Amino acid sequence: MSEPIYTIDVAAGPRREAVKAWLHGLDLVSPQTREAIVTAWVSSWSSSRYRDLADMPFTPEVHGYRLMDHVNDVTQTALDLTRRASESWGLSVDFEILVPILILHDVDKPLLYIREGEGVAYSSLSRALPHGVIGAMLLKELGFHRTVVSTVATHAVNAPFHGSNPEAYLLHYADMFSADHAHIACGRTPFYRQKRS
Ligand SMILES: [Fe+2]
Ligand SMILES: [Fe+2]
């Protein structure tokens, strides 16, 4: 038998409580969606090598920025953008779709990046399946709406295409803004200043 990519963890306990205490935006969705979001993060954590949430890195390239901070950065930024787009342009989105996309867009990262000594490296799984697709598999298994599944699957910058739904657009700009903040905070060149060929 080969090792599973991840296992679903619905156990009550300290991990579940830590995830609930960490995530911004859980109060914006129904109790059922909230529990499914928490189960997704606990499952990724339990399937990873990380003992603490705070040890999970944002990316191997950006040393010192925590994944747990990036996730809340993205959720809060996207909610700000959503309010602006709603007030100025009349945009309407369903929070039962938008909020899980925001909170869970990077749920597979704990399985893709591993700590090696002082640094962070890519796991063997990261060379077998792309970022976003593994998260989407987990979310499909947990019964999330197909728009949540497809948007998480295709959100990465190097995905073959991006979704046409407004939630995908809001996630993209919030993710880029937050990712560039992490780059700048850690002394790296942000995406918007990187040379393009
Ligand atoms: Fe991502
Ligand atoms: Fe992200």
Side-chain angles (χ1 to χ4, degrees), residues 5-6 19 22-26 28 37-38 40-41 43-45 47-48 50 53-82 93 95 97-115 120-123 125-140 142 144-145 147-186 188-194:
I5 294 169
Y6 53 75
V19 167
W22 151 45
L23 291 171
H24 183 91
L26 289 176
L28 301 175
I37 291 171
V38 173
W41 266 112
S43 298
S44 177
W45 184 4
S47 304
S48 79
Y50 296 99
L53 283 170
D55 289 339
M56 297 172 183
F58 163 55
T59 70
E61 291 77 23
V62 182
H63 279 246
Y65 209 85
R66 306 186 313 176
L67 180 60
M68 63 186 301
D69 293 329
H70 171 71
V71 170
N72 281 343
D73 290 344
V74 171
T75 304
Q76 290 174 292
T77 303
L79 291 172
D80 288 348
L81 291 177
T82 302
V93 293
F95 272 25
I97 303 292
L98 174 67
V99 173
I101 287 171
L102 301 177
I103 299 179
L104 295 166
H105 76 283
D106 281 344
V107 70
D108 57 18
K109 281 191 169 179
L111 306 175
L112 300 174
Y113 311 144
I114 49 175
R115 292 212 175 263
V120 178
Y122 288 89
S123 70
L125 180 62
S126 75
R127 290 183 286 276
L129 285 163
H131 167 48
V133 172
I134 304 162
M137 290 164 62
L138 172 64
L139 302 184
K140 168 76 169 62
L142 290 173
F144 280 92
H145 191 283
T147 304
V148 176
V149 173
S150 62
T151 305
V152 170
T154 58
H155 85 276
V157 180
N158 59 357
F161 58 88
H162 291 142
S164 58
N165 50 312
E167 301 87 3
Y169 166 79
L170 291 162
L171 168 63
H172 175 78
Y173 286 104
D175 201 13
M176 292 302 97
F177 187 63
S178 302
D180 271 359
H181 161 70
H183 280 77
I184 294 164
C186 294
R188 306 275 305 185
T189 305
F191 287 125
Y192 89 98
R193 289 188 53 229
Q194 288 178 16

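Atoms within a ligand are numbered from 1 in the order they appear, just like the ligands themselves. Everything numeric here is computed off the predicted structure, so don't read it as measured data. Computed over heavy atoms, backbone and side chain alike; hydrogens, waters and symmetry mates excluded.
At a cut-off of 3.5 Å, with distance as the only test, no side-chain donor of His131 or Asn158 sits close to an acceptor on the other residue. If you check the side chains of His181 and His70, you find no donor sitting under 3.5 Å from an acceptor.
Around the OH atom of Tyr173, the shell of radius 6.0 Å holds no more than 12 heavy atoms that belong to other residues, nucleotides or ligands. No more than 12 heavy atoms of other residues, nucleotides or ligands shown are found within 6.0 angstrom of OH on Tyr169.
The six-membered or imidazole ring of His162 lies near that of His172, with a centre-to-centre distance under 6.0 Å.
Within the protein, the N, O or S atoms sitting under 2.8 Å from the Fe ion (ligand 1) are Asp106 OD1, His131 NE2, His155 NE2.
For the atom pair Asp108 CG and Ile5 CD1, the distance stands at 10.5 Å (nearest 0.5 Å).
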